[in-house]
Amino acid sequence: MKIVCIGRNYADHAAELGNAVPAEPLFFFKPESAVLHKDHPFAIPEWTDDCHFEVELVVRMERAAKWISEEHAGRCYTHIGLGIDFTARDVQSALKAKGKPWEKAKAFDGSAVVSRDWVPLADLGGNVQDIRFELLKNGEVVQSGHTADMLFPIDALISHVSKYSTWKTGDLLFTGTPAGVGPVKPGDRLEGRLDGRSMFTVDVR
Ligand code: ZN
């Protein structure tokens with residue numbers, strides 16, 4: 001299983017980090033070892049001083065796909081989840097400045113929170129580009145997103161990635177984060193909500 005993450009898929013988030021809006025989807029990978037074990041706390045790595053949450057809608061691939069068109073990409077998934085793409089922002093910024101890959105900042109153990117439950121798309125109204133989600137930190141909403149605001153719709157992301165890397169059943173697509181990303185500190189509690197449903201809570205230590 002692999003995790004494909006999309007960078008800069010919401011204009012307001014690209015702007016908050018001072019990034020230009022991309023001309024095509026920007027993607028990177030997290031390994032399976034990045035998935036935070038269910039119900040485990042998230043431990044901030046000792047080598048970062050600025051670890052950020054990024055809440056993201058997650059799609060689980062239910063079939064393999066290679067060179068799939070955007071038109072047909074919707075056949076690859078039926079359920080929607082929610083996750084966090086934890087990012088060591090200080091490390092990422094240093095790597096970006098040198099033009100180096102981001103893996104150290106993005107692919108570390110525990111950096112991928114994946115909801116335990118998956119909601120049938122039909123229960124969310126059936127339109128993957130009309131879903132609301134949010135992240136609460138210590139009970140306050142810090143990120144609020146809507147999939148209509150994506151720069152590249154989910155089916156376009158699936159199609160684009162499939163030109164380079166074959167989708168396998170069980171692969172996860174993290175679809176990018178809206179504005180509002182920020183740091184975590186020990187003692188914080190994060191809760192993700194998808195269309196009002198509580199999908200996960202993560203304690204930070
Ligand atoms: Zn992200």
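Every number for a ligand or one of its atoms is a count from 1 in the order of the listing.
Of the residues Asn9, Leu57, Ile6, the one that meets the side chain to side chain contact (heavy atoms under 4.5 Å, CB included) test with Ile154 is Leu57.
Asp85 contributes OD2 as its N, O or S atom closest to the Zn ion (ligand 1). Counting just the N/O/S atoms of Glu56, the one with the shortest distance to the Zn ion (ligand 1) is named OE2. Counting just the N/O/S atoms of Glu54, the one with the shortest distance to the Zn ion (ligand 1) is named OE1.
Val181 and His13 make their closest contact through CG1-CE1, 3.6 Å (heavy atoms, listed as atom of the first residue, atom of the second, distance). Smallest separation of non-hydrogen atoms from Cys51 and Phe108: SG-CZ, 4.3 Å.
With respect to Glu191 and Arg189, no salt bridge is recorded, no charged nitrogen being found less than 4.0 Å from a carboxylate O.
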